[in-house]
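Only one structure is covered here, and it is reproduced in the block below.
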Amino acid sequence: MAIVLGRPGAGGLGEVVGVLRKWQDDGAPMQLHPGDVGWFWRFGPEATAAAVRTWSRDGRILAVGLLDGPGLLRLTIAPDARRDGELARRLAEDVTAPERGVLGEGKAYVEAPVDALVQDALSEEGWSTDEPWTPLRRDLTGPVAEPGVRIEVTGPERAHVRAAVQRASFDGSTFTEERWRAMASGLPYADARCLVAYDEQGNAVAAVTVWSAGPGKPGLLEPMGVHREHRGHGYGRAVTVAAAAALRTMGSSSAVVCTPSSNAGAVATYMSAGFQRLPEVRDRRRDA
């Protein structure tokens with residue numbers, strides 16, 4: 001059967017999130033997680049659907065891509081299809097040719113699992129490698145220590161606090177209470193929590209969103225940030241420990257996160273919270 005490139009529409013996002021959940025595994029390399037789709041949902045279901053691409057054969061989804069911005073495709077593939085030569089060639093052709101409706105002209109990036117044959121196919125199409133990222137993982141089979149600060153789970157009545165910490169943690173962030181509500185109304189957020197850490201004076205100092213993929217599956221931290229006026233006091237470590245504890249409570253087997261290797265402070269924070277550094281990964285890059 002031929003491989004079909006599709007756009008699921010808002011009504012098809014449930015199936016996409018479902019297959020992404022099934023594909024998560026502690027033995028798999030870092031890959032697109034249902035939580036990545038959940039975090040994108042802050043822009044609403046229609047925008048999220050417009051950013052998703054699927055590749056199917058005989059009605060079965062074999063690959064899912066999320067356009068995380070106009071020039072970045074975050075791609076993952078069914079575990080039993082990662083060495084499928086026909087699929088790898090089709091994926092490489094579709095992301096390389098702008099007329100296929102995946103990536104436009106000019107500089108572009110593709111994130112894909114390191115064990116997938118599409119890595120070789122992209123190389124043959126002229127895609128080079130970009131700057132390294134560091135994945136980190138924390139096993140959750142054992143207990144998680146107390147974070148040492150007050151942690152609050154965000155509900156609708158405190159969404160403005162969660163949004164304010166996000167904007168104070170990331171330069172250029174456009175996260176608002178309205179976008180939190182859009183995200184929280186999405187399918188993936190049924191298995192998610194937003195946590196806010198407070199200092200002894202009651203200031204909101206750090207925040208994280210955690211996404212479960214279901215019991216026995218790795219959960220994701222996306223995003224985690226510390227308020228720019230409260231850095232250097234261990235709040236990043238504290239909220240990351242709280243994130244791990246929350247995922248363990250939800251039944252996750254591990255907690256995973258990925259950050260640019262150049263961000264040495266973030267890597268050190270995650271490691272101080274019990275995460276183990278994994279081998280670096282690199283996106284594929286096509287220059288303009």
Taking the side chain as every heavy atom from C-beta outward, state whether [X] and [Y] have any atom pair closer than 4.5 Å.
| X | Y | result |
| --- | --- | --- |
| Val210 | Met250 | yes |
| Val239 | Met224 | yes |
| Asp120 | Leu117 | yes |
| Thr54 | Val16 | yes |
| Leu72 | Leu67 | no |
| Val257 | Thr240 | no |
| Trp23 | Ile77 | no |
| Asn203 | His230 | yes |

Count the heavy atoms of every other residue, nucleotide or ligand shown that sit under 6.0 Å from [atom1] of [X], and state whether that count exceeds 12.
| X | atom1 | result |
| --- | --- | --- |
| Glu86 | CD | yes |
| Gln276 | CD | no |
| Glu200 | CD | no |
| Glu280 | CD | yes |

Can you hop from [X] to [Y] via hydrophobic side chains spaced under 4.5 Å?
| X | Y | value |
| --- | --- | --- |
| Trp55 | Val37 | no |
| Leu66 | Leu187 | yes |
| Val114 | Val118 | no |
| Leu136 | Val241 | yes |
| Ile61 | Leu87 | no |

Please determine if [X] and [Y] form a salt bridge, counting it only when a charged side-chain N lies under 4.0 Å from a carboxylate O.
| X | Y | value |
| --- | --- | --- |
| Arg137 | Asp26 | yes |
| Asp130 | Arg282 | no |
| Arg228 | Asp171 | yes |
| Asp84 | Arg57 | yes |
| Arg162 | Glu177 | no |

Roughly how far, to the nearest 0.5 Å, is the [atom2] atom of [Y] from the [atom1] atom of [X]?
| X | Y | atom1 | atom2 | result |
| --- | --- | --- | --- | --- |
| Arg60 | Ile3 | CZ | CD1 | 11.5 Å |
| Leu247 | Leu220 | CG | CG | 8.5 Å |
| Lys217 | Ser253 | NZ | OG | 8.5 Å |
| Glu105 | Glu99 | CD | CD | 8.5 Å |
| Glu229 | Ser169 | CD | OG | 10.5 Å |
| Tyr270 | Arg237 | OH | CZ | 14.0 Å |

Using modelled atom types and a 3.5 Å cut-off, is there a donor and acceptor pairing between side-chain atoms of [X] and backbone atoms of [Y]?
| X | Y | value |
| --- | --- | --- |
| Arg82 | Asp115 | no |
| Arg277 | Val267 | no |
| Trp211 | Glu222 | yes |
| His233 | Tyr235 | no |
| Arg53 | Ala63 | no |
| Arg286 | Thr96 | yes |
| Glu125 | Ala121 | no |
| Ser212 | Gly214 | yes |
| Lys107 | Ala288 | no |

Closest non-hydrogen atom pair between [X] and [Y], with its separation:
| X | Y | value |
| --- | --- | --- |
| Pro113 | Pro29 | CB-CG, 4.1 Å |
| Thr129 | Arg285 | O-NH1, 3.1 Å |
| Pro279 | Pro135 | O-CD, 3.3 Å |
| Ser272 | Thr269 | OG-O, 2.6 Å |
| Val165 | Gly225 | CG1-O, 4.5 Å |
| Ala10 | Ala49 | N-CB, 3.3 Å |

* Can you spot which of Arg167, Arg179, Arg42 makes a side chain to side chain donor-acceptor pair (under 3.5 Å) with Thr174? =>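 Of the listed options, the one satisfying the test is Arg179.
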
* Single hit among Gln31, Gln24, His33 for side chain to side chain donor-acceptor pair (under 3.5 Å) with Thr76 ->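 Of all the options given, the one that passes is Gln31.
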
* **Candidate pair Leu278 and Met30, rule side chain to side chain contact (heavy atoms under 4.5 Å, CB included), full reasoning** => CA-CA 9 Å; Leu278 302 176; Met30 198 73 189; over 6 Å; no

Is a donor from one side chain sitting under 3.5 angstrom from an acceptor on the other, for [X] and [Y]?
| X | Y | result |
| --- | --- | --- |
| Thr134 | Ser261 | yes |
| Arg284 | Gln119 | yes |
| Trp41 | Ser185 | no |

* Evaluate the side chain to side chain contact (heavy atoms under 4.5 Å, CB included) criterion for residues Phe40 and Asp68: first the C-alpha distance (whole Å), next the side-chain angles of each, then the deciding distance (0.1 Å), finally the verdict. => CA-CA 8 Å; Phe40 196 97; Asp68 201 354; 4.0 Å; yes

* Output, in order, the C-alpha distance, side-chain angles, deciding distance and verdict of side chain to side chain contact (heavy atoms under 4.5 Å, CB included) for Trp180 and Thr154. => CA-CA 10 Å; Trp180 183 90; Thr154 299; 3.8 Å; yes

Distance-only donor-acceptor pairs under 3.5 Å for side chains of residues 139-150, two or more places apart:
from: Asp139; atom 1: OD2; to: Thr141; atom 2: N; distance (Å): 3.0
from: Asp139; atom 1: OD2; to: Thr141; atom 2: OG1; distance (Å): 2.3

* Indicate the ring-plane relationship of Phe175 and Trp39, choosing parallel, tilted or perpendicular according to the 30° and 60° boundaries. =>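 If you compare the ring of Phe175 with that of Trp39, the planes turn out tilted.
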
* Let me see the working for Leu32 and Leu75 under side chain to side chain contact (heavy atoms under 4.5 Å, CB included), right down to the final yes or no. => CA-CA 6 Å; Leu32 186 69; Leu75 176 71; over 6 Å; no

Got a list of side-chain donor-acceptor pairs under 3.5 Å for residues 188-196, not counting sequence neighbours?
from: Tyr189; atom 1: OH; to: Cys194; atom 2: N; distance (Å): 3.2
from: Asp191; atom 1: OD2; to: Arg21; atom 2: NH2; distance (Å): 2.8

* Trace of the salt bridge (Lys or Arg N to Asp or Glu O under 4.0 Å) decision for Arg74 with Asp36 -> CA-CA 9 Å; Arg74 304 184 63 189; Asp36 293 309; 3.3 Å; yes

